[in-house]
Amino acid sequence: MPRLVGLRVLTARLLRRDVLVAPGDPSGGFARQRGRGPGVNGRAAPPAALEPADLLEGCRIVNVLRHGKQLAIIARGPGRGSGAHGERALLVQLGMSGGLTLVEHPMPEDVPLLHVHALWTMGAKARAGARLRPGGGVALLFRDPRRFGGLRVFRSCSELGEHWAALGPDALAVTPEDLLRAARNSERAIKALLLDQSSIAGVGNIYADEALFRARIRPARPARLIKPAAAVALTGAVRSVLLEAIDAKGSTLRDYRGADGLRGGFQLRHAVYGRGGQPCPSCARRLSEATVAQRTTVWCVNCQR
DNA sequence: CTGGTCTCCTGATCGC
DNA sequence: TGCGATCAGGAGACCA
C-alpha cells in the first residue's frame, strides 16, 4: 500500500462498529469479543467516544508500516501538528480473511461491497500519480468476511510503538538468538512458539508447518530442546518460506484474494500443509497429521526430529 | 507466570 | 437441487 502515502483522507466510514477497537475500550480485544463474559446479557459496554480523526478523516497519510501480521497506516492530523508530533495510526489486522482494496473513486459499479466494514475516500496526490486519472480520487476498502480481523485506533505513534513492543521480533528479521531466547526454559511445542505473536510476529499455521518441515524439526518438540544449529535452520526456514510465499502472492485456500483480486499461488508449493496422508516430498513416507498447539499440523516423522 | 482451551464468523465442501 | 453438518483459521478471554 505504498500508493497511500501522500493522500489526504476526505471521508472515513465505519460500517460495523464491532470491527474497531477505540482508545479507552476496556479490553484489548475487538469490541464484539466483550459481550461474552459472565453476566453480560446482550448488554455491550458503552462505546468509546470516537473522533473523526481516529479513523483518519481529515488526515494526510505519511507512512504505512508493518510488524508481523499487523499493518499500520500512519497519518498526520488535520491540526497544526507537524513533524513526528501530531501523528497517529490506524492499525489494520487482516485476520485470515481480511483485505484492503484500493479502487478509484467514485467507485465502479462492480466493486463488491459485501463484507466491507470500513471505507475511506481520498484525494489524489498533489503531484499527479502516474496510475491515477488526473483529478481522480481513490477509495480504500477494508473487507473481512469472517471478521477475525479488525481495526485499532492509536492516537499517537508512541502508543502504536508500545503495542508493537509487546510483540516479538518480526518473522522476516528474527535471529537465531531471538528464537533461542524465546525458547529458553519453555516446555511448549516449538510450533506453539512460532504461532505465538508475542514470541515471533508474523508466522501463521501454514507457514509454521512449512518452516518446520524445511528445518527438519518435529512440530511438537519442546521449545527448550531446540539447539543453536536448529535455531539457525528454523529462522532461516521461516524467512525463506515467507519470502517465497510473498513472491507467489500468498497461499490461496478457499476464498482468499489479494488486493488486486487475484489468487495467490503458494499453495501449489506447500510441502506439508494440507497434505496429511500423502507421501513426504522428501522421503515419500506417509505424512502425519495431528493437532499441535490447537491447530491442524502436518509433518514427516522420518524427516522431522 | 505458563500453557492449554474456548470462542468469535463465514465460505467451501461433503454426505444425504 | 437443496439442506444441514463440519471444518478451517488468528488471537483475545479465560481457566487450571
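These numbers come from the heavy atoms of this one structure, side chains and all, not from hydrogens, waters or symmetry mates. Small disclaimer: the values here were computed from a predicted structure and weren't measured.
For the pair A:Leu195 CG and C:dG12 C1', the interatomic distance rounds to 15 Å; values are reported in whole Å. The separation between A:His163 atom NE2 and C:dA11 atom C1' is 11 Å, rounded to whole Å. Put simply, CG on A:Leu193 is 12 Å from P on B:dT2, counting in whole angstrom units. Note: CZ (A:Phe148) to P (B:dT10) measures 10 Å, nearest angstrom. In this structure, A:Leu94 places its CG atom 10 Å from P of C:dA11, rounding to the nearest Å. Between A:Arg224 atom CZ and B:dT2 atom C1' there is a gap of 14 Å when expressed in whole angstrom units. Following rounding to the nearest Å, A:Lys69 (NZ) and C:dG10 (P) show an atom-to-atom distance of 5 Å. Summarising the geometry, the separation between NE2 on A:His117 and P on B:dC8 is reported as 17 Å, rounded to the nearest angstrom.
In this structure, of B:dC9, B:dG3, B:dT10, it is B:dT10 that holds the atom nearest to the side chain of A:His115. Closest to the A:Arg146 side chain, of the nucleotides C:dG12, C:dG10, C:dA8, is C:dA8. Nearest nucleotide to the A:Met96 side chain, out of B:dG11, C:dG10, C:dA11: C:dG10. Residue A:Gln93 has its side chain nearest to C:dG12 when only C:dG12, B:dC9, B:dG11 are considered.
In summary, the side chains of A:Ser240 and A:Arg214 do present a donor paired with an acceptor at a separation below 3.5 Å, with no hydrogens or angles considered.
For A:Arg147 against C:dG10, no side-chain N or O and base N or O form a donor-acceptor pair under 3.5 Å.
Without hydrogens or angle criteria, A:Glu210 side chain to A:Val272 main chain gives a donor-acceptor distance under 3.5 Å. Between the side chain of A:Glu57 and the backbone N or O of A:Ala12 there is at least one donor-acceptor pair closer than 3.5 Å. Formation of a donor-acceptor pair under 3.5 Å by the A:Ser288 side chain with backbone atoms of A:Cys300 is not found in this model.
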**Study point:** Test salt bridge (charged side-chain N to carboxylate O under 4.0 Å, His left out) applied to A:Asp196 and A:Arg188, step by step
**Key:** CA-CA 11 Å; A:Asp196 180 354; A:Arg188 23 179 2 200; 2.9 Å; yes

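Place A:Glu187 and A:Arg295 on DNA chain B by their nearest nucleotides, and A:Glu187 ends up nearer the 5' end. Along DNA chain B, the nucleotide nearest A:Asn185 and the nucleotide nearest A:Leu114 are compared for position; the residue whose nucleotide lies closer to the 5' end is A:Asn185.
Checking the phosphate oxygens (OP1, OP2) of B:dT5, a side-chain nitrogen or oxygen of A:Gln294 falls inside 4.0 Å. Note on A:Ser97: every side-chain N or O is 4.0 Å or more away from OP1 and OP2 of B:dG11.
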